[in-house]
Amino acid sequence: MDISVGRHSLAHVMAQAVMEMFPGAKLGIGPCIDDGFYYDFDLPEPLTNEHFPEIEERMAKILKTQAPLIREEYADKEAALKAFAGQTYKEELIRELPEDEPIVAYHTSTGFTDLCRGPHVENTRELLSWAYKIHSVAGAYWRGSEKNPMLSRLYVYAFPKRDELKAHIAQVEEARKRDHNKLGRSLGYFTTSEMIGQGLPILMPNGAKVIQILQRFVEDEEERRGYQLTRTPSMAKNDLYRVSGHWDHYRDGMFILGHEEDPAVFALRPMTCPFQFQVYLSKLRSYRELPLRYNETATLFRNEGSGEMHGLIRVRQFTLSEGHIACLPEQLEDEFRGCVDLAMFMLNAVGLVDDVSFRFSKWDESNREKYIGDAAQWESVQARMKAILDHLQVDYVEADGEAAFYGPKLDLQIRNVFGKEDTLITIQIDFQLAGRFGMEYVASDGSKQYPYIIHRSSIGCYERTLALLIEKYAGAFPFWLAPVQVGVVPVRQHHNDCACEVISALKKAGLRCEALLEDEGMGGKVNKFRQDKVPYTLIIGDREAEAGTVSVKIRGGKQAQDVPLEAFVKACVALNEGLALELAETF
């Protein structure tokens, strides 16, 4: 049996159980998801966790009836609407079905009927050995629109075997422990405030430090690769966005300052490209100057829906390692290759390289109003991008309808601990905006031409990257990224002077360190650094102070005694310089 068939059939079994508990319920939809299914209900009373056991018991009883699931096809919409009279959401779905599409329902001998095209198991006895667990209920707008009623969405894990369910629940529990939205707050990486607003996180010292480390690393590496740093405004008149096309194609995602009908309305920038284009336009360019590579650490603003935001992964204000390259047609492949190489270098450095997948995002020919440019241009550029990706031997999947409105792109996709996929890094080929902005260059034959533009990020959104790193390492960052790399604990108050000397030596070597000099038990101090997941904790007692050594507690439980301070510092400097992802255990 296909697992989706089993899950889909169980969804109807649960719908029947809920209808038995709440006779006035109205049914929404109940699709399969990666680990089971969900079903939306409009209920006469709120659904809570306390209802879960009874729903599961009713499901078990329904399965034991070993009832067949019988397919029925209605002659027309009128017949289907009569069968589902009073089921508001099913009536809406029926009315919207294409005239030539069969209207199918499944019903059981126990009297339950649900609108669905299937397929399903033939008899509920096939599901008797399945394991399932209702794990949560959430609010969900009907069909995802805030204009529609809020329904109760029941989420269910469902697997063919009990040990599969058990293993999945254990995996989910581990994911919850790593969830950056919880762990990141408890470790002091970020917080939020209702007075500030949803999707506007506040980076606390630990989070701000990690992003500072990443930003400096990224900007230094980009400079080594020939990028020129820019700093552009955070807002502009809508004239700029009208030329770029964002006003027509992205306005709903922008924060507009004032009224749209005002003659000079401003908007916060959701991207940097039209701003950096003004740098290019500051003078007439020659083909000899190309490629021109501009980079910027840009604060951007996007009006995400309230239901879309999550911790640091999807926010309304974020910081992006953004850049744009203007190049000649014959330079396009080499420049694109350089962008991919830079992204992979960054992912290797932070340890995320094995967690990403590649998506070639193309336009949707059936939805042309979503894009600028004509079909011939799109097909030509997409064919060229495909050739480049194939030549670079990028292992990608194709996705229609995911392109930017001005060109195709390579998306580096990554999943958070709960399996939700987001884009981490994009590299886009733009064949249109240079012409819109008049970004000419003088070619070798004296004619004026438009360059290709590559829009790219090197490490993506810093906030999202921080969230993913918290989850990847469960808060135990690699040494070079840890906000506090070394903790220093004097055993007694008279060891404080020695501890301060150790701190001075560590800081002189460029290491991030902290000493706990308070008059309290050593155990509590050590435990504080352990809870904060600091890589190394140095203990300074009589023996260490006399010999000029340190005792090292290594994150994870190992220890090293009587380590010369100079040797420890040297090892730490090597970890920083080597961007090491593992801790040294010998010194």
(request) Could you give me the CA-CA distance, side-chain angles and deciding distance for Phe479 and Leu511, then say whether side chain to side chain contact (heavy atoms under 4.5 Å, CB included) is met? (result) CA-CA 10 Å; Phe479 184 82; Leu511 302 173; 4.1 Å; yes
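- We find the CG-CZ distance between Asn416 and Arg314 to be 10.5 Å, quoted to the nearest 0.5 Å.
- Relative to the six-membered ring of Phe275, Arg269 meets both conditions, a distance below 6.0 Å and an angle of at most 45° to the axis.
- Between His51 and Phe22, the gap from one ring centroid to the other is short of 6.0 Å.
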(message) Is there a side chain to side chain contact (heavy atoms under 4.5 Å, CB included) between Leu581 and Trp480? Walk through the geometry before answering.
(response) CA-CA 8 Å; Leu581 299 178; Trp480 78 275; 4.2 Å; yes
(message) Applying salt bridge (charged side-chain N to carboxylate O under 4.0 Å, His left out) to Lys472 and Asp355, what does each step give before you reach the verdict?
(response) CA-CA 9 Å; Lys472 170 80 173 182; Asp355 301 323; 2.9 Å; yes
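- Not a single donor-acceptor pair under 3.5 Å links the side chain of Thr319 to the backbone N or O of Tyr462.
- Val534 and Val484 make their closest contact through CG1-O, 3.6 Å (heavy atoms, listed as atom of the first residue, atom of the second, distance).
- If you look at Phe255 and Phe301, their ring centroids are not closer than 6.0 Å.
- Here the side chains of Phe277 and Ile453 are in contact, with some heavy-atom distance below 4.5 Å.
- When each of Ile414, Thr465, Val353 is checked for a side chain to side chain contact (heavy atoms under 4.5 Å, CB included) with Leu347, only Val353 meets the rule.
- More than 12 heavy atoms of other residues, nucleotides or ligands shown are found within 6.0 angstrom of CG on Asp220.
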(request) Kindly determine whether Glu20 and Arg58 satisfy salt bridge (charged side-chain N to carboxylate O under 4.0 Å, His left out), including the steps that lead there. (result) CA-CA 8 Å; Glu20 290 176 359; Arg58 288 178 180 269; 3.4 Å; yes
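- Residues Arg512 and Lys209 have side chains in contact (heavy-atom distance under 4.5 Å, counting atoms from C-beta outward).
- Put simply, the side chain of Asp35 never gets that close to the backbone of Tyr157: no donor and acceptor are under 3.5 Å apart.
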(request) Please lay out, stage by stage, how Thr272 and Glu322 fare under the test side chain to side chain donor-acceptor pair (under 3.5 Å). (result) CA-CA 7 Å; Thr272 314; Glu322 194 158 24; 2.3 Å; yes
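- For CG of Asp252, the number of neighbouring non-hydrogen atoms (other residues, nucleotides, ligands) closer than 6.0 Å is 12 at most.
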(message) One pair to check against side chain to side chain donor-acceptor pair (under 3.5 Å): Arg359 and Ser361. What are the steps and the verdict?
(response) CA-CA 6 Å; Arg359 184 180 72 186; Ser361 295; 3.0 Å; yes
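- None of Phe41, Trp142, Phe84, Tyr39 except one satisfies the ring-ring contact (aromatic ring centres under 6.0 Å, His included) rule with Tyr89; the exception is Trp142.
- Separation of the His310 and His180 ring centroids falls under the 6.0 Å cut-off.
- Here Leu200 contributes atom CG and Glu194 contributes atom CD; the two are 13.0 Å apart, rounded to the nearest 0.5 Å.
- Using a 4.0 Å cut-off between a side-chain N of Lys or Arg and a carboxylate O of Asp or Glu, Asp422 and Arg415 do not qualify as a salt bridge.
- Between the side chain of Arg555 and the backbone N or O of Lys533, at least one donor-acceptor pair lies under 3.5 Å.
- Pairing each heavy atom of Gly311 with each of Asn181, the nearest pair is CA-OD1, 3.4 Å.
- Side-chain contact between Arg242 and Arg251: absent, with no pair of heavy atoms (C-beta onward) separated by less than 4.5 Å.
- Under a 3.5 Å cut-off, the side chain of Arg464 and the backbone N or O of Thr423 do form a donor-acceptor pair.
- Of all heavy-atom pairs spanning Leu320 and Gly460, the tightest one is CD1-C, 3.4 Å.
- Between Ile459 and Leu424 the shortest heavy-atom distance is O-CD1, 4.1 Å.
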(request) Determine, step by step, whether Asn576 and Gln485 satisfy the side chain to side chain donor-acceptor pair (under 3.5 Å) criterion, reporting the C-alpha distance in whole Å, the side-chain angles of both residues, the deciding distance to 0.1 Å, and the verdict. (result) CA-CA 10 Å; Asn576 269 346; Gln485 297 172 308; 2.8 Å; yes
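- Between His249 and Tyr371, a ring centre-to-centre spacing not shorter than 6.0 Å is recorded.
- In this structure, OH in Tyr132 is found 7.0 Å from CG in Leu10, a value given to the nearest 0.5 Å.
- No cation-pi contact links Arg7 to Phe37, judged by a cut-off of 6.0 Å to the six-membered ring centre and 45° from its axis.
- Around atom CD of Glu223, no more than 12 heavy atoms belonging to other residues, nucleotides or ligands sit under 6.0 Å away.
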(request) May I have the step-by-step check of side chain to side chain donor-acceptor pair (under 3.5 Å) for Glu221 and Tyr227, ending in yes or no? (result) CA-CA 9 Å; Glu221 182 62 29; Tyr227 284 85; over 6 Å; no
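- A donor-acceptor pair under 3.5 Å links the side-chain atoms of Glu56 to the main chain of Ile134, judged by distance alone.
- The backbone N or O of Tyr141 sits nowhere less than 3.5 Å from a side-chain atom of Arg153 that would complete a donor-acceptor pair.
- When every heavy atom of Leu183 is checked against every heavy atom of Gly475, the shortest pair comes out as CD2-N, 3.7 Å.
- Side chain of Tyr241 to main chain of Pro274: no donor-acceptor pair is present (N/O by atom type, distance under 3.5 Å, no hydrogens or angles).
- Within 6.0 Å of the NZ atom in Lys133, the count of heavy atoms belonging to other residues, nucleotides or ligands does not exceed 12.
- Between Val486 and Leu538, the closest side-chain pair of non-hydrogen atoms falls below 4.5 Å.
- Between His246 and Phe405, the ring-plane angle classifies as perpendicular under the 30° and 60° cut-offs.
- Side chain of Arg178 to backbone of Glu471: a donor-acceptor contact under 3.5 angstrom is found.
- For the residue pair Gly188 and Asn206, the shortest heavy atom distance occurs at O-CB, 3.3 Å.
- Side-chain atoms of Asn496 come within 3.5 Å of backbone atoms of Leu517 as a donor-acceptor pair (strictly under, hydrogens ignored).
- For the side chain to side chain donor-acceptor pair (under 3.5 Å) with Glu173, the lone residue among Gln171, Lys177, Arg176 that qualifies is Arg176.
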(request) May I have the step-by-step check of side chain to side chain contact (heavy atoms under 4.5 Å, CB included) for Trp363 and Asp400, ending in yes or no? (result) CA-CA 5 Å; Trp363 81 319; Asp400 292 334; over 6 Å; no
(request) Would you sort out whether Glu222 and Arg456 count as a salt bridge (charged side-chain N to carboxylate O under 4.0 Å, His left out), showing the intermediate values? (result) CA-CA 12 Å; Glu222 288 177 335; Arg456 48 100 281 186; 2.9 Å; yes
(message) Let's go through His455 and Thr426 carefully: what are the C-alpha distance in whole Å and the side-chain angles of both, what is the deciding distance for side chain to side chain contact (heavy atoms under 4.5 Å, CB included) to 0.1 Å, and is it a yes or a no?
(response) CA-CA 8 Å; His455 304 239; Thr426 65; over 6 Å; no
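- The number of heavy-atom neighbours closer than 6.0 Å to CD of Glu96, taken from other residues, nucleotides and ligands shown, is above 12.
- In this structure a side-chain-to-backbone donor-acceptor pair under 3.5 Å is missing from Glu296 to Gly323.
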